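Working notes for the structure below.
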Amino acid sequence: MVKEIERAGIPVVHMCTVTPISMTVGANRIVPTIAIPHPLGNPALPPEEEKALRRKLVSRALEALTTEVEDQTIFEV
Amino acid sequence: MSYKVVHYINQFFANIGGEEMAHIEPELRDGFVGPGMALNNAWKGEAEIVKTIVCGDSYFAEHEAAAKEKILGWVKEIKPDFFIAGPAFNAGRYGYACATIACAVQDELGIPVLTGMYEENPGADMKNKILIVATANSAAGMRKAAPVMAALALKMMKGEKIGASCEEGYMPNGIRKNFFEKEIGAKRAVNMLVNKLNDKPFTTEYPMPSFDRVAPNPAIKDLSKATIALCTSGGIVPKGNPDHIESSSASHYGEYDITGVDDLTSDKYETAHGGYDPVYANEDPDRVLPVDVMREFEKEGKIGKLHNIFYTTVGNGTAVASAKAFAAEYAQKLLQAGVHAVIMTST
Amino acid sequence: MKLELGFTQINDIQFSKECKVDNGTLYVDPEAVKAFMYEDDDVKAWVKDFTFDVAKPGESVRITPVKDVIEPRVKVEGPGGVFPGVISKVDTVGSGKTHVLRGMAVVTAGKIVGFQEGIIDMSGPGADYTPFSKLNNFVVVAEPADGYQDNKHEYEHAVRIAGLRAATFIGELARDLTPDETQVFETYGIKEGIEKFPDLPRVAYVHMLQSQGLLHDTYVYGVDAKRTLTTILNPTETMDGAIISGNCVSACDKNTTYHHENNPVVKSLFEAHGKTLNYVCNIITNENVYLADKQRSSDWTAKLCRLLDLDGVIVSQEGFGNPDTDLIMNTKKIELQGVKTTIITDEYAGQDGKSQSLADADPLADAVVTGGNANEVIVLPKMDKVIGMLDYVDVIAGGHAGSLRPDGTIEAELQVITGATNEMGFNRLSAR
Amino acid sequence: MATMGNERDFLILTNNPLVPACMEGKGKYTIRFCPEKSYREILVMARDMVYAGHTLYTHPLSGSVKPNETPYKSVIVSVEPHGFDSDQGEIMANAIAVFDKFTPIGWNLNERILADFQLIDYTLLAGAINFDAAAGISNQSTRRE
């Protein structure tokens with residue numbers, strides 16, 4: 001799916017827990033996330049901290065979108 | 001009664017001139033012109049070129065819409081049984097024009113079509129959409145190409161069964177067809193191996209599917225002016241799943257307006273995904289689709305705008321082909337809406 | 001190792017009280033064959049009765065459901081006997097002399113897992129796709145004993161043995177014949193081969209054996225291939241029945257015992273042996289369900305290829321789906337050892353031919369021979385006579401609801417035809 | 001903890017009633033019997049577990065019976081996740097793609113044919129983990145009587 005968006009000419013960042021899958025589906029900008037049932041959160045954290053975590057992850061994704069890449073790249077958080 | 005055929009050629013093969021005449025607009029002539037004669041002869045009266053359309057390669061490339069409109073109009077009026085273009089050999093723009101116009105005639109008028117060109121001609125990219133006969137890389141190959149194209153075209157006109165690509169001479173088009181080889185498989189394998197061992201050319205009977213990669217698009221220059229859309233395969237939907245997105249093997253995708261929504265709350269949103277424990281996503285759907293922090297970034301001016309529609313699918317067991325089709329479709333919508341970048345989240 | 005095959009062409013089969021081969025005709029007493037089959041206790045226990053028929057090329061005859069096809073052979077010189085470890089003792093075969101009744105086969109038919117066995121048409125369009133339409137077939141139809149439903153594996157074993165015994169009985173009739181034609185096949189020891197053909201590339205045949213489990217089995221010298229490690233065979237051993245089929249599933253690409261006896265890769269490699277290549281040996285490896293087995297077997301295949309200093313191999317496959325993974329694992333690992341591969345497979349590209357043909361793929365598998373698309377739809381006309389039973393045709397692999405039409409024609413995928421898309425490259429069928 | 005490859009680590013995902021009938025309580029493995037799930041849903045369940053890091057022990061396309069013919073499927077994954085393996089993820093994804101390319105058949109399978117399909121799936125599974133399939137069946141029959 002990311003590939004189809006990329007193909008349409010729109011840069012896309014894939015936020016995904018299992019990065020090898022992201023690699024297989026052909027994503028070019030990849031940000032690893034927390035866990036399959038809650039990629040962008042962690043229910044164990046208090047709400048403020050959880051949101052801070054999400055801000056950090058999404059910021060990283062925005063950074064990935066502003067970074068030129070030539071090949072599939074994982075942006076570790 | 002013989003089949004009526006319209007033939008498309010460029011200025012060069014119509015003997016009008018080379019590059020200096022490539023600007024000429026489409027014109028319609030009676031009967032065959034130039035290479036049409038070879039096709040006509042090969043058909044021995046069973047089919048006949050009734051009209052020839054001549055168009056300059058530059059004109060077609062620079063005024064594609066206008067050229068298409070004009071040519072389609074003529075073809076519609078003539079109502080031929082068949083449309084044939086080229087062959088274009090290694091001429092890039094001519095090949096592109098042949099393939100493009102043939103494809104348009106086939107798709108928009110429902111008339112069977114055929115063209116021919118060299119395998120590396122950029123027009124050959126369309127070989128999965130229309131049948132393209134593989135030719136030599138120069139016009140010297142006309143003598144060989146014409147009978148192959150004529151024979152295949154006649155078969156198509158008669159509605160006969162089309163054989164495998166290697167039998168009929170068209171480029172492999174991704175549709176596998178059975179046929180009988182001259183030698184048994186084991187013998188073919190030994191011959192292929194001996195060629196491979198001796199570094200001689202060999203052709204695999206089944207090319208491995210290419211590992212399709214799309215090159216990354218350029219980065220966003222200025223985030224503070226960019227419109228960014230959120231998409232997910234995690235199945236986030238409005239509470240109650242109004243469009244009944246299936247929990248697995250989804251047959252459609254969802255698009256939902258989030259104008260004025262600052263936070264995805266558990267009373268308004270949930271997940272339709274059946275492949276993971278939905279408790280956490282249902283508790284706070286932002287854990288899958290981060291609308292809350294995107295709104296914050298929007299207010300802080302870190303990003304220009306959060307796109308007012310998000311797209312959602314269920315990754316769980318949805319057939320690869322339909323997932324691709326969904327994404328291809330909504331990617332066009334995102335493009336038209338002027339979205340600059342996408343964040344796709346997956347569970 | 002050197003083996004001489006002496007061929008006697010069979011052009012006709014007649015039932016008669018006397019059993020003999022005379023002037024190209026096989027005269028055979030079905031009761032004598034039956035008695036010989038019933039000498040085996042398992043056959044006695046699980047087969048209630050046998051009926052017999054003959055099907056000749058060009059006749060309006062359909063044989064279904066087909067379990068196995070076997071060519072009668074007899075060992076006349078050298079150690080061991082045919083089908084070692086199963087019918088004969090386990091002595092190593094493949095040397096000396098063997099007599100072959102060519103142009104005929106024993107075909108076992110009857111329901112086992114009835115829906116999976118295939119069809120042999122002796123004439124019409126279906127006949128073009130199966131090699132067995134060109135043979136004079138001695139058809140043995142087995143009827144199961146009561147209670148077989150709960151003992152399918154015992155029953156399958158009994159029918160498998162019965163078929164081999166029938167072929168052995170008939171093969172024995174060739175013992176004292178003077179063959180119409182003889183051919184000699186010989187491969188050499190490693191050093192000997194290198195000295196003999198110093199300039200020829202060293203080539204082996206990686207023969208993948210179906211070994212997923214009951215009803216999907218192959219036996220090597222009587223051993224279930226599932227329980228074997230990848231190993232080496234002299235090519236001539238296969239000609240004496242060292243490998244037999246216990247595979248009842250996927251008619252179009254299962255290798256019958258006939259295919260193993262007449263392995264086309266072995267035949268084609270021998271044709272090139274000493275001319276364009278040096279045929280070293282066969283490497284047999286299995287296709288198990290357990291992933292660690294797949295890894296071990298393919299590792300061993302690659303290891304043996306390297307150890308034998310091979311330049312190239314041909315890899316053949318059996319079956320659908322799961323074995324694609326073994327095929328690609330083998331190919332990839334062998335290529336990574338610097339040994340060049342050509343592989344033989346078949347395709348499941350969908351009825352429209354548009355789907356991905358294999359369940360696995362790798363760019364290193366760049367030389368592929370295909371036996372055709374097994375999903376392609378074919379219409380088989382009504383035949384005057386059916387040997388076996390038609391009631392399963394609707395549920396034969398690749399048939400679909402209504403595939404047996406009221407007028408007696410069958411619309412089905414090529415999958416239903418025995419041997420149609422053989423993955424040893426037995427046929428001329430291909431696809432592009 | 002069940003180490004990789006140990007029988008205690010075998011989690012059998014199945015919709016085949018013959019599997020629990022013959023194998024339940026006869027070994028250290030765990031059976032997750034899901035009669036309501038289709039062949040494809042068993043594959044999807046296995047795939048998602050492999051994606052989540054569980055080890056795939058048996059090939060999802062075991063058997064040459066085509067996926068549009070039999071309704072039964074059994075796959076063994078690990079009880080414990082041992083880490084994601086991309087080759088195994090690919091095997092699972094490919095298996096679902098293979099399933100999807102077969103033309104659905106509107107069969108009305110009778111009891112005997114269903115029993116045959118159950119038997120094939122069960123014996124392949126048993127063979128893969130060295131479980132005595134024949135013994136399993138006869139024990140089951142005794143229990144049934």
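Keep in mind that the numbers below use all heavy atoms, side chains included, and drop hydrogens, waters and symmetry copies. Here the structure is a predicted model, which means the values were calculated and not measured. Letters A, B, ... are given to chains in the order of the sequence lines, protein chains preceding strands, and every chain is numbered from 1.
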Okay, C:Val203 and chain B: the region with an atom under 4.5 Å from a heavy atom over there is side chain

Given C:Val265, C:Asn373, C:Asn422, C:Asp128, the one with more heavy-atom pairs under 4.5 angstrom with chain B than any other is C:Asn373

Minimal heavy-atom distance between C:Asp366 and B:Phe202, with the atoms involved, is O-CE1, 3.4 Å

Note to self: Does any part of the side chain of C:Ser268, heavy atoms only, come nearer than 4.5 Å to the side chain of B:Glu183, both counted from C-beta?
What the structure shows: no

Worksheet item: Heavy-atom distance under 4.5 Å between the side chains of B:Ile175 and C:Lys354, does that happen here?
Response: yes

Under 4.5 Å to a heavy atom of chain B? For C:Leu277 that would be side chain

Residues B:Gly185 and C:Val369: closest non-hydrogen pair is O-CG1, 3.6 Å

NZ of B:Lys187 to NZ of C:Lys267, rounded to nearest 0.5 Å, is 7.5 Å

In terms of heavy-atom contacts, C:Ile314 and B:Val190 come closest through CD1-CG2, 3.5 Å

When the 4.5 angstrom heavy-atom criterion is applied to C:Ala272 and chain B, the contacting part is side chain

Applying a strict 4.5 Å limit to non-hydrogen atoms, the region of C:Pro264 in contact with chain B is both

So, the part of C:Glu271 with a heavy atom under 4.5 Å from chain B: the answer is side chain

When the 4.5 angstrom heavy-atom criterion is applied to C:Ile328 and chain B, the contacting part is side chain

Cut-off 4.5 Å, heavy atoms of chain B, and the answer for C:Asp311 is both

By residue number, those in residues 340-350 of chain C with heavy atoms under 4.5 Å from heavy atoms of chain B are C:Lys340, C:Thr341, C:Thr342, C:Ile344, C:Glu347, C:Ala349

With C:Arg432 as partner, the option from B:Glu168, B:Glu181, B:Lys177 fulfilling side chain to side chain contact (heavy atoms under 4.5 Å, CB included) is B:Glu181

Paired with B:Asn178, the side chain to side chain contact (heavy atoms under 4.5 Å, CB included) test is passed by just one of C:Thr370, C:Thr421, C:Leu429, C:Asn375, namely C:Leu429

